[in-house]
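To start, the structure under review is shown below, and the notes come after it.
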Amino acid sequence: MNKNAKSVVFSGVQPTGNLHLGNYLGAIKNFVELQKKMECIYCVVDLHAITTFQDPKELKKNILDTTAGFIACGIDFKKSIIFNQSSVSGHAELAWIFNCVSRVGWMSRMTQFKEKAGKNKENASVGLYVYPNLMAADILLYKATHVPVGDDQKQHLELARDIAQKFNNDFKVKDFFPIPEPLIQKKLSRVMSLRDGTKKMSKSEESDYARIDLQDGEDEIVKKIKKAKTDSSPIPSKIDDLKNRPEALNLLNIYSFITDTTMEKTLDKMAGKDFSKFKNELSDVLVATVCPIGKKIKELKKDSKYLLQILQEGANKADLIAQKNVKMVKEIVGFITHQ
Ligand code: AQP
């Protein structure tokens, strides 16, 4: 990375449903930490959301709920910029230019498209296919240098790096776009589904029992953890013995991460116990972490005017940076720009 580039953090969350434990531990917790030391821009990525059909009324509600989630988790809108993506036109403009920089071969390697499109690829939206180019535009529109994401977004971020590099090379503008660095939680990069430890916890998973929503109350959390899939063996004493036990590994990982201990220490404490005892302790730490956030989200949701005002102010600030950078990009590309 160019050593002179100013550190700027950008990340986004799709308003496609309720925020869950995976979003929080994998990404948003890191957003909160980063605002202590860097300039941060956090976006509710509604343009990404419509790559799969969203009911318009539901989408509006989800944009506000995600904004409430950001604030309830600890993002300070006075320090960091919070806004919704579609209110800054630079995202769509730069995405088009990147559609022309990015290569079809690069797109066809993206595993998330294959997973989300499923068997019926012909019927997936074109937007879903070029989604990673829009994500590159989101980041590079602000010349962001650091991107906190969950491990599932690593491949998209590599593509953003390739696009930045190709743009700089093609147009001979060395260092114009920084090459953004992913910031992925080392200890817990991917929270897995409570029903299937080989799949990530996700908003779009049909079963509610697959995830802990940040708005779940104590009873729901206890019930979901009780029902979480495990196996019949007791908790082992060695990490290696968790190799073929994805559900057990996931629950122990979540516990270790939230209690800020190493997996070794967790296993020292829990080895030999059966899962029902461990699940009680896991529920306790989850209730203590999640319920205060959920309570705050519910309070904030009552005041949509307040949330709209935060988004409006954030959009104004983001747009100032975006317009300046889009103008420069247009000039580099050879477009005629006007005052
Ligand atoms: N299970 C997860 N573990 C760790 N990190 C996760 N993230 C999402 N799920 C997990 C991270 O959260 C940020 C926001 O993700 P997103 O909502 O914009 O998109 P997504 O990854 O597609 O999330 P979902 O929940 O799976 O949504 P749907 O079901 O709508 O596709 C990202 O940084 C992501 O890595």
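Every number for a ligand or one of its atoms is a count from 1 in the order of the listing.
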Is the shortest side-chain N to carboxylate O distance from [X] to [Y] below 4.0 Å?
{"X": "Glu299", "Y": "Lys295", "result": "no"}
{"X": "Glu281", "Y": "Lys273", "result": "yes"}
{"X": "Asp65", "Y": "Lys61", "result": "yes"}

Under 4.0 Å from ligand 1, residues with heavy atoms, in chain and number order, are Gly12, Val13, Gln14, Thr16, His20, Gly22, Asn23, Gly26, Ala27, Lys116, Val149, Gly150, Asp152, Gln153, Ser189, Arg190, Val191, Lys200, Met201, Ser202, Lys203, Ser204

Going by salt bridge (charged side-chain N to carboxylate O under 4.0 Å, His left out), name the pairs with one or both residues in residues 91-112, residues two or more places apart or in two chains.
Glu93-Lys330

For residues 214-266, which residue pairs qualify under ring pair (Phe, Tyr, Trp, His ring centres under 6.0 Å), counting only residues two or more places apart or in two chains?
Tyr255-Phe278

Please list all pairs passing the ring pair (Phe, Tyr, Trp, His ring centres under 6.0 Å) test where one or both residues lie in residues 26-56, with sequence neighbours left out.
Phe31-Tyr42, His48-Tyr131

